[in-house]
Amino acid sequence: MANNGDATIVAIANQKGGVGKSTTAINLGAGLALQGERVLLVDLDPQGNTSSGLGIDRASIELSTYEVLIDDVALEDVIEPTSVGGLYVVPATIELAGAEIELVSLFSREMRLANALKSVLDNFDFVLIDCPPSLGLLTINGLSAANEVTIPIQCEYYALEGVSQLIRNVQLVQQSLNPELEVEGIILTMFDGRTTLSADVVEQVREHFGETTYKTVIPRTVRLSEAPSYGEPIEAFDPMSRGAIAYRELAREFRRRHGRT
């Protein structure tokens with residue numbers, strides 16, 4: 001789905017859970033916003049970690065991605081500001097878990113998000129979609145709406161497990177729904193410099209994906225895992241931490257890849 005506005009739409013996807021997907025969505029989004037970009041985060045994960053990690057009280061959310069996908073509520077009515085200037089979020093609630101089933105019977109079920117996004121694309125430079133850890137209709141909506149897919153891979157055993165299946169799904173979406181979709185990048189997360197395993201995984205992923213892999217590697221740190229419970233990106237929570245420095249550099253590298261200086 002080509003976008004009709006200025007925004008580049010990036011689906012952050014990996015059907016394997018616990019790979020740092022929401023952490024990357026939050027902190028890459030915040031990093032881009034702090035470097036002057038207008039960023040919209042779309043939380044497509046029923047767990048709502050991106051929403052709560054940005055300080056959104058999910059109990060008080062009246063409208064969410066669920067209403068956008070199922071009830072045709074206008075996306076602009078659901079966008080919430082965050083504590084970071086230039087960073088906005090479309091929050092998710094647990095109701096979204098039911099959307100997977102409800103979408104099945106709806107017209108143009110794979111394109112609901114793509115169609116909803118059209119009206120706001122002129123307002124943003126980047127739209128980041130945090131997809132759930134599955135390959136169901138929610139993730140298909142994310143992939144159908146996106147120009148690109150970015151895949152976080154953790155530096156642990158079985159890191160590449162499931163990635164080939166995700167790439168196959170990306171190819172299926174390319175063929176049938178969104179011919180412009182491409183795998184933009186692989187982000188290595190949860191790197192532990194004390195283990196040879198982490199170094200081995202980095203080498204393996206770089207060998208497999210080459211230049212598609214980001215040079216910036218995200219470390220496993222306590223501060224990164226603590227920040228979401230305070231409802232803040234790492235940049236606000238502890239800007240001098242290793243995690244903040246890494247995500248800042250990742251945002252710079254991301255911008256360079258997209259021709260922004």
Side-chain angles (χ1 to χ4, degrees), residues 1 9-29 39-54 56 58 61 63-71 73 75 78-80 89-106 108-117 126-154 158-173 177-178 181 183-187 189-190 225 228:
M1 169 65 61
I9 308 171
V10 183
I12 298 175
N14 190 332
Q15 77 271 26
K16 200 168 185 288
V19 300
K21 204 162 34 59
S22 297
T23 301
T24 294
I26 291 167
N27 293 301
L28 176 58
V39 183
L40 178 65
L41 283 179
V42 179
D43 195 347
L44 261 194
D45 189 342
Q47 294 174 64
N49 292 336
T50 291
S51 306
S52 57
L54 284 166
I56 305 286
R58 285 182 293 151
I61 295 170
L63 295 172
S64 69
T65 32
Y66 173 85
E67 282 77 20
V68 172
L69 293 173
I70 303 300
D71 300 331
V73 168
L75 198 79
V78 186
I79 294 173
E80 301 262 358
V89 65
V90 179
T93 62
I94 195 64
E95 272 191 310
L96 199 55
E100 201 75 67
I101 296 158
E102 292 173 66
L103 278 166
V104 172
S105 60
L106 295 181
S108 193
R109 61 191 182 185
E110 300 94 349
M111 306 301 293
R112 308 282 290 183
L113 181 60
N115 293 331
L117 277 169
F126 293 102
V127 176
L128 305 182
I129 303 170
D130 184 19
C131 297
S134 70
L135 291 174
L137 270 172
L138 289 174
T139 295
I140 299 295
N141 263 271
L143 296 177
S144 299
N147 310 112
E148 313 169 346
V149 190
T150 295
I151 306 170
I153 296 180
Q154 86 282 37
Y158 309 123
L160 289 170
E161 191 180 81
V163 174
S164 55
Q165 180 61 51
L166 176 61
I167 304 274
R168 276 198 293 277
N169 276 55
V170 167
Q171 289 164 346
L172 288 172
V173 170
L177 296 164
N178 183 2
L181 184 68
V183 176
E184 182 277 330
I186 307 290
I187 299 172
T189 63
M190 303 182 184
S225 52

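As the structure is a computational prediction, the values presented were derived from the model and not from experiment. Quick note: numbers below take in every heavy atom, side chains included, and nothing from hydrogens, waters or symmetry partners. Residue numbers count from 1 along this sequence.
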task = Side-chain contact test, heavy atoms from C-beta onward, threshold under 4.5 Å: evaluate it for I9 versus V42 and give yes or no.
result = no

inquiry  = For a 4.5 angstrom cut-off between non-hydrogen side-chain atoms, does L137 reach V104?
reply    = yes

message = For V73, is there any backbone N or O sitting under 3.5 Å from a side-chain donor or acceptor partner on D71?
response = no

query = Have N178 and S144 got a donor and an acceptor in their side chains that come within less than 3.5 Å?
reply = no

inquiry  = Counting C-beta onward and ignoring hydrogens, is there a side-chain heavy-atom pair between L69 and L138 closer than 4.5 Å?
reply    = yes

key: Considering all heavy atoms, the nearest S64-T93 contact   = OG-OG1, 3.6 Å

ask   = Is there side-chain contact between R58 and P91, with heavy atoms separated by less than 4.5 Å?
value = no

task = Output the distance between atom CD1 (I151) and atom NZ (K21), rounded to the nearest 0.5 Å.
result = 12.0 Å

query = Atom CD in Q154, atom CG in L160: separation rounded to 0.5 Å?
reply = 9.5 Å

T189 side chain vs V19 backbone, donor-acceptor pair below 3.5 Å = yes

query = Less than 4.5 Å apart, any side-chain heavy atom of I129 and any of V127?
reply = yes

note = Interatomic distance, SG@C131 vs CG@L113, rounded to 0.5 Å, equals 8.5 Å

ask   = Quick one: does T139's side chain have a donor or acceptor within less than 3.5 Å of a partner on S134's backbone?
value = yes

ask   = What is the distance from atom CD1 of I70 to atom CZ of R109, rounded to the nearest 0.5 Å?
value = 12.0 Å

task = Report yes or no: does T65 contribute a side-chain atom to a donor-acceptor pair with the main-chain N or O of D43 at less than 3.5 Å?
result = yes

query = Quick one: CD on E161 to CD1 on I153, what's the gap to the nearest 0.5 Å?
reply = 12.0 Å

key: Pair Q171-R168, side-chain hydrogen bond (donor to acceptor under 3.5 Å, both in side chains): steps then yes or no   = CA-CA 5 Å; Q171 289 164 346; R168 276 198 293 277; over 6 Å; no

query = Is any side-chain heavy atom of L44 less than 4.5 Å from a side-chain heavy atom of D130?
reply = no

inquiry  = Run the side-chain contact (heavy atoms from CB on, under 4.5 Å) test on T50 and D45 for me, step by step, so that the C-alpha distance in whole Å, both residues' side-chain angles and the decisive distance to 0.1 Å come before the verdict.
reply    = CA-CA 8 Å; T50 291; D45 189 342; over 6 Å; no

query = Looking only at heavy atoms, what is the nearest atom pair of S22 and N49, with distance?
reply = OG-CB, 3.6 Å

CE-CG distance between M111 and N141, expressed to the nearest 0.5 angstrom = 8.0 Å

Between side-chain atoms of residues 10-17 and protein atoms elsewhere (two or more places apart, or another chain), which donor-acceptor pairs fall under 3.5 Å?
unit_1 : atom_1 : unit_2 : atom_2 : d
N14    : OD1    : K16    : N      : 3.0
N14    : ND2    : P152   : O      : 2.8
Q15    : NE2    : G162   : O      : 2.7

key: A159 versus V163, closest heavy-atom pair with distance   = O-CG2, 3.9 Å

V68 to A116 - nearest heavy-atom pair and separation = CG1-CB, 3.5 Å

remark   = Those residues at least two apart in sequence (or on a different chain) that pass salt bridge (Lys or Arg N to Asp or Glu O under 4.0 Å) with E67 are none

query = Are E80 and S51 side-chain neighbours, meaning at least one heavy-atom pair lies under 4.5 Å?
reply = no

query = Does S52 reach the main-chain N or O of G48 with its side chain, forming a donor-acceptor pair under 3.5 Å?
reply = yes

query = If you look at every heavy atom in Q47 and P133, which pair is closest and at what distance?
reply = NE2-CG, 3.9 Å

